[in-house]
Amino acid sequence: MSKELRQKYLRTNKTTFCLGCGYEIFINCFLRANEELGIEFQKTIFVSGIGCAAWIPSPYFRAETLHTTHGRPLAFATGIRLVRPKNRIVVISGDGDLVTIGGNHLIHSARRNLPMSVFCMNNSIYAMTGGQAGATTPKGAITSTDMEGNKESPFDLIKLVLASGANFASRYPVAFPRQMVEGIKKNLMAGEKKFAFTEIVSVCPTQFGEKNNFKSPGQMLKKQKESGIISGEFDNLEEYLKL
Ligand SMILES: Cc1ncc(C[n+]2csc(CCOP(=O)(O)OP(=O)(O)O)c2C)c(N)n1
Ligand code: SF4
């Protein structure tokens, strides 16, 4: 990532994310995608909730940003969509925020299909508050609330969003940044016309990695590369279920 690009889009190059946090990879990919599409941040309104992921746009992006209440960024984004029809609306927030506490807003936003881009940072837990389990935590994972392993099954976010009525859902792991840049571009273009949802499969070495025997952030990325996570764009639930 060029220093110039970060200077152009970020208020400061120094973020507070932990060393090895997947969110830094996403930020670099997101800036690259915007640059390649020639998008002006000045005409984008970013919305986030509460959590580490919510800090990605706010305070770092040189743009209008709304840092809202936990679980509610999609409700705020819906309101902004209605009063600011000419602006691009981009929601960037965590899985705990958008799916667990805010799941009701997610299904209804997908059903409503209003034009906006949504990037859900899935690091499998509620990281900012100490690594509690949520609706995206894999079965068996050790968290601060499940020392013997999570007993519940996680949501498949693509399935959830498509079943709720959206027809643009995609998934990209941070271990594949080149593919992610292209995926972010597709989302940003689709988000001009409809509800475009992208799950970014991230890594949190601090709150998830350490408890689950990962020795380093690099080991988490290696596991992602080898795990064969289904990624790409999906518009049809039946087709997705065949994969
Ligand atoms: C209504 C409400 N409930 C709980 C909290 C505490 N809280 C703040 S951040 C957070 C976790 C956010 O997790 P996630 O959205 O997954 O983002 P991450 O930190 O993992 O990036 C929680 C539970 C809060 N601020 N407001
Ligand atoms: S706690 Fe996890 S998600 Fe939060 S900044 Fe650190 S590595 Fe990233």
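In listed order, ligands and their atoms are each counted from 1.
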Same cluster (ILVMFWY, side-chain, under 4.5 Å), Ile184 and Phe234: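 Shared cluster, no.
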Verify the cluster assignment for Ile200 and Ile125: are they in a single hydrophobic cluster under the rule of side-chain heavy atoms below 4.5 Å apart?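 The answer is yes; both residues are in one hydrophobic cluster.
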Any donor-acceptor pair under 3.5 Å linking the side-chain atoms of [Y] with those of [X]?
{"X": "Tyr9", "Y": "Glu35", "value": "yes"}
{"X": "Lys3", "Y": "Gln7", "value": "no"}
{"X": "Tyr126", "Y": "Thr137", "value": "no"}
{"X": "Arg81", "Y": "Asn87", "value": "no"}

Can you establish whether the number of heavy atoms outside Phe41 located under 6.0 Å from its atom CZ is more than 12?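 Check passes, neighbour count above 12.
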Residue Lys151 excluded, over 12 heavy atoms near NZ under 6.0 Å: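 Check passes, neighbour count above 12.
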Give a yes or no on whether the ring-centroid distance for Phe30 and Phe119 is below 6.0 angstrom.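 Here the rings of Phe119 and Phe30 have centres that are less than 6.0 Å from each other.
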Looking at [X], which atoms of ligand 2 are within less than 4.0 Å of one of its heavy atoms?
{"X": "Cys18", "value": "1 (S), 5 (S), 6 (Fe), 7 (S)"}
{"X": "Phe17", "value": "5 (S)"}
{"X": "Asn123", "value": "3 (S)"}
{"X": "Pro205", "value": "7 (S)"}

Protein residue, atom and distance nearest to [atom], heavy-atom basis:
{"atom": "atom 9 (S) of ligand 1", "result": "Ile50 CG2, 3.5 Å"}
{"atom": "atom 6 (C) of ligand 1", "result": "Thr129 CG2, 3.8 Å"}
{"atom": "atom 15 (O) of ligand 1", "result": "Asp97 N, 2.8 Å"}
{"atom": "atom 2 (Fe) of ligand 2", "result": "Cys204 SG, 2.3 Å"}
{"atom": "atom 5 (C) of ligand 1", "result": "His70 CD2, 3.5 Å"}
{"atom": "atom 4 (Fe) of ligand 2", "result": "Cys52 SG, 2.5 Å"}

Could you tell me whether some N/O pair between [X] and ligand 1 is separated by less than 3.5 angstrom?
{"X": "Tyr126", "answer": "no"}
{"X": "Ala127", "answer": "yes"}
{"X": "Gly51", "answer": "no"}

Tyr23 heavy atoms, cut-off 4.0 Å: which ligand 1 atoms fall inside?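 Those qualifying, in numeric order: 18 (P), 20 (O), 21 (O).
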Which of the numbered atoms in ligand 1 are under 4.0 angstrom from any heavy atom belonging to Gly96?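 Reading through ligand 1 atom by atom, the close ones are 14 (P), 15 (O), 16 (O).
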Which distance, rounded to the nearest 0.5 Å, do you find between the CG of Leu106 and the CG of Asp95?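 One gets 11.5 Å once the value is rounded to the nearest 0.5 Å.
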Is the shortest side-chain N to carboxylate O distance from Lys242 to Glu239 below 4.0 Å?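 Salt bridge present between Lys242 and Glu239.
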When you look for heavy atoms under 4.0 Å from ligand 1, do you find them on the side chain of Met128, its backbone, both, or neither?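 Both backbone and side chain.
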Taking heavy atoms and a distance under 4.0 Å, where does Ile125 meet ligand 1: side chain, backbone, both or neither?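 It is the backbone that touches ligand 1; the side chain stays farther off.
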Atom 2 (Fe) of ligand 2 to nearest N/O/S of Cys21 less than 2.8 Å: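 It does not: Cys21 brings no N, O or S atom closer than 2.8 Å to atom 2 (Fe) of ligand 2.
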Ligand 2 contact on Phe208 by region, counting heavy-atom pairs under 4.0 Å: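 Neither part.
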Below 30° counts as parallel, above 60° as perpendicular, anything between as tilted: where do the rings of Phe61 and Phe46 land?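 Correct class here is perpendicular.
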